[in-house]
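What follows is a short report on a single structure.
Bear in mind that the values here come from a model prediction, so they are computed numbers and not experimental data. By convention in this document, chain letters (A, B, ...) are assigned in the order of the sequence lines, proteins followed by strands, and residues within each chain are numbered from 1.
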Amino acid sequence: MLQLNIIRDNKEFVIERLKIKNFKNAEQTIEEIITLDNQRREMQKQSDECKQKQNILAKQIGSLFKEGKREEAEQKKQETATLKAQEKELGEKLSEVDNNIKTLLLSVPNLPHQSVKPGKGEEDNEVVEMHGEIPQLTDKALPHWDLCSKYDIIDFNLGNKITGAGFPVYKGKGAKLQRALINFFLSEADKSGYLEVQPPLMVNEQSALATGQLPDKEAQMYVVTLDNFYMIPTAEVPVTNIFRDCIVDKKDFPIKRCAYSQCFRREAGSYGKDVRGLNRLHQFDKVEIVCIDSPEHSYEQLQSMMNHVAGLLEKLELPYRVLRLCGGDISFTSALTFDFEVYSAAQQRWLEVSSVSNFETYQANRLKVRYKDDNNKTQLCHTLNGSALALPRIVAALLENHQTEEGIRIPKALQQFTGFDIIN
RNA sequence: GGAGAGUUGGCUGAGUGGUCGAUAGCGGCGGUCUUGAAAACCGUUGAGGGUCACACCUCCGGGGGUUCGAAUCCCUCACUCUCCGCCA
């Protein structure tokens, strides 16, 4: 959520930036927010004055009673009745205006960073880096779903029976490969200075609201209605919420956390080749990195997170490219996002395996993550996160790119975690 | 699941209707003393709204109520702890 004072003080700038995000009715919404805010402050003032009068009267009544001046006290009591009625009316209007502002604010996306270019969607994202050779596969090369059944490592049909589409069962070396990747990612994160946490896989409503999954992305999550919990779509939710309502110590910057978790996404509306095999699952594994930093250093931190992700892909010997998302494709809450995509050689397509973002103060404002600056003033922190990495598409690319006639070659860096060097 | 007890500022912990936004201790910050440090002493130290700045308003787990007035009384929800039951 954007800070009201920023909207108030930089109206034109805010509107202009919002347009890059293709936010419709930017002027109208911002104007409305400012008008309502002016109303709010005026009402607040009136209501405060009303309360002040009541407080004064209450004190007077108290001392009158002590002095035994009953009648005078009773008289004053009458006065408070009108004030109370007045205040009630004002209070109701005030909370109505307040709610309207809140609703409007929640509908406004984050302002994109200066480097974010306008664009309609995916097609306008800018490739900023390319790494690795694209493997040339033979005619006999298979897409990963066929490799999965050929070597009996991932069973999609079994998952269909037990749960439904998008819940595969990993078997034998498939299961071990998963476990190895998780350990590899966690161990690399540890080396980069991320403190490992194991968060809950279900969160309450407040947490889902704070990181922005609610109210607008409710359809994306599985809901445990009996207890009013939400299955996490990413570890970002519980891990970022660790810091909700906290004033953190700036000495601890950058605060770095990593977490392995399973992620649950309903993915309503997806279909076709996008969901084939491991391309899009309802339950998948991911290691997430989360950082909290000061506004001065958050972009350095973003760069260091990107370096970390790039290092993982290099060690896995996968060709990848980095995209700077354009205004039309960047997420609602993000100021700047880089996507990492690996090339899946048999499918001959790029698959997104990581998304690294700086949310600046947008998330922190809702979460109330603050720190004290050098003047000891309370300020909002910047929050950042990234996948490091999401497993299924990595597995897909590993299987396809590293397939040989003898079997699937395991990259060297991973072998100490798998305990084998080939799947055959 | 049953019975009971709790939830107060970074932490510990007072406060049961009237200057209580809250005693005290610890911690933090600043200072005195010291070659330096520790100890001791002095001062300072919650958040949000509002204001040019003050004033002022709100906040004692969340929400609602009683009252002229609530951290204090009532209702409700959440959470924590203890005992019992069940169980990985």
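- Seen from the ring of A/Tyr194, A/Lys256 counts as a face-on cation partner, given the 6.0 Å and 45° thresholds.
- Contact check, A/Lys76 against B/rG69: no side-chain N or O comes under 4.0 Å of OP1 or OP2.
- The nucleotide B/rC81 finds its pairing partner in B/rG4, both defining distances of the Watson-Crick or G-U wobble pair being shorter than 3.5 Å.
- Among the atoms of the strands shown, none is found under 4.0 Å from any heavy atom of A/Lys59.
- Listed nucleotides B/rC68, B/rG48, B/rG50 differ in distance to A/Arg8; the shortest reach to its side chain belongs to B/rG50.
- The same atom, C1', is picked in B/rU16 and in B/rG6; the two are 16 Å apart, to the nearest Å.
- Which of B/rG69, B/rC56, B/rG48 sits closest to the side chain of A/Arg370 comes down to B/rG48.
- Atom P of nucleotide B/rG49 and atom NZ of A/Lys102 are separated by 13 Å, given to the nearest angstrom.
- Counted by atom type alone, A/Glu288 and A/Tyr260 present zero donor-acceptor pairs between their side chains at under 3.5 Å.
- The same atom, C1', is picked in B/rG62 and in B/rA78; the two are 7 Å apart, to the nearest Å.
- The partner of B/rU44, taking Watson-Crick or G-U wobble pairs whose two distances both stay under 3.5 Å, is B/rG28.
- The nucleotide B/rA14 finds no pairing partner, because no Watson-Crick or G-U wobble arrangement with both distances shorter than 3.5 Å includes it.
- Atom pair A/Gln206:CD and B/rG63:P shows a separation of 11 Å (rounding to whole Å applied).
- In this structure, A/Arg41 does not reach the B/rC56 phosphate: none of its side-chain N or O atoms is under 4.0 Å from OP1 or OP2.
- To the nearest angstrom, C1' of B/rC57 lies 16 Å from CD of A/Gln86.
- Comparing the same atom, C1', in B/rU8 and in B/rA47 gives a spacing of 14 Å after rounding to whole Å.
- Side-chain N or O atoms of A/Arg17 include one that pairs as donor or acceptor with a backbone N or O of A/His113 at under 3.5 Å.
- In this structure, the side chain of A/Lys21 engages the main chain of A/Phe332 through a donor-acceptor pair within 3.5 Å.
- Nucleotides B/rC26 and B/rA40 place their P atoms 9 Å apart, quoted to the nearest Å.
- In this structure, B/rC33 forms no base pair with any nucleotide, since neither Watson-Crick nor G-U wobble geometry is met with both distances under 3.5 Å.
- Ranked by how close their nearest RNA chain B nucleotide is to the 5' end, A/Lys251 and A/Lys84 are led by A/Lys251.
- Between A/Asp48 and A/Ile61, the residue whose closest nucleotide on RNA chain B is further toward the 5' end is A/Asp48.
- A distance of about 15 Å separates the P atoms of B/rG50 and B/rA55, rounded to the whole Å.
- Judged purely by atom type and a 3.5 angstrom limit, A/Asn99 uses its side chain to pair as donor or acceptor with the backbone of A/Ser95.
- Pairing for B/rG69 is absent, with no Watson-Crick or G-U wobble pair whose two atom distances lie under 3.5 Å.
- Pairing of B/rG21, defined by two Watson-Crick or G-U wobble distances under 3.5 Å, is not identified with any nucleotide.
- To the nearest angstrom, P of B/rG49 lies 21 Å from CG of A/Leu90.
- Residues A/Phe229 and A/Glu205 fail the side-chain proximity criterion, which asks for heavy atoms closer than 4.5 Å.
- In this structure, A/Asn55 reaches the sugar-phosphate backbone alone: every heavy-atom distance under 4.0 Å involves primed, P, OP1 or OP2 atoms, never a base.
- Taking only side-chain atoms of A/Lys51, from C-beta outward, the nucleotide of B/rG18, B/rA47, B/rU58 with the closest atom is B/rU58.
- One finds no side-chain N or O of A/Arg40 lying less than 4.0 angstrom from the OP1 or OP2 phosphate oxygen of B/rG49.
- Side chains of A/Gln213 and A/Gln220: no donor on one and acceptor on the other come within 3.5 Å.
- When Watson-Crick and G-U wobble pairs are counted only if both distances are under 3.5 Å, B/rA88 pairs with no nucleotide at all.
- The NZ atom of A/Lys368 sits 8 Å away from the P atom of B/rG49 (whole-angstrom rounding).
- Computed from coordinates, the A/Asn376 CG to B/rG46 C1' distance equals 12 Å when rounded to whole Å.
- Residues A/Phe253 and A/Tyr371 bring their aromatic ring centres within 6.0 Å.
- Contact between the side-chain N/O atoms of A/Ser63 and the OP1/OP2 oxygens of B/rG18 is not found at any separation under 4.0 Å.
- Atom name P, nucleotides B/rG69 and B/rG21: the rounded distance is 15 Å, in whole Å.
- Taking atom CD of residue A/Glu42 and atom P of nucleotide B/rG50, one finds them 13 Å apart after rounding to whole Å.
- Across B/rG48, B/rG18, B/rG49, the shortest atom-to-atom separation from the side chain of A/Thr378 is found for B/rG48.
- With both pairing distances under 3.5 Å, B/rG50 is matched to nothing as a Watson-Crick or G-U wobble pair.
- One atom, CD of A/Gln39, and another, P of B/rG50, lie 15 Å apart when rounded to the nearest Å.
- At a threshold of 4.0 angstrom between heavy atoms, the contacts of A/Ser47 with the nucleic acid are absent.
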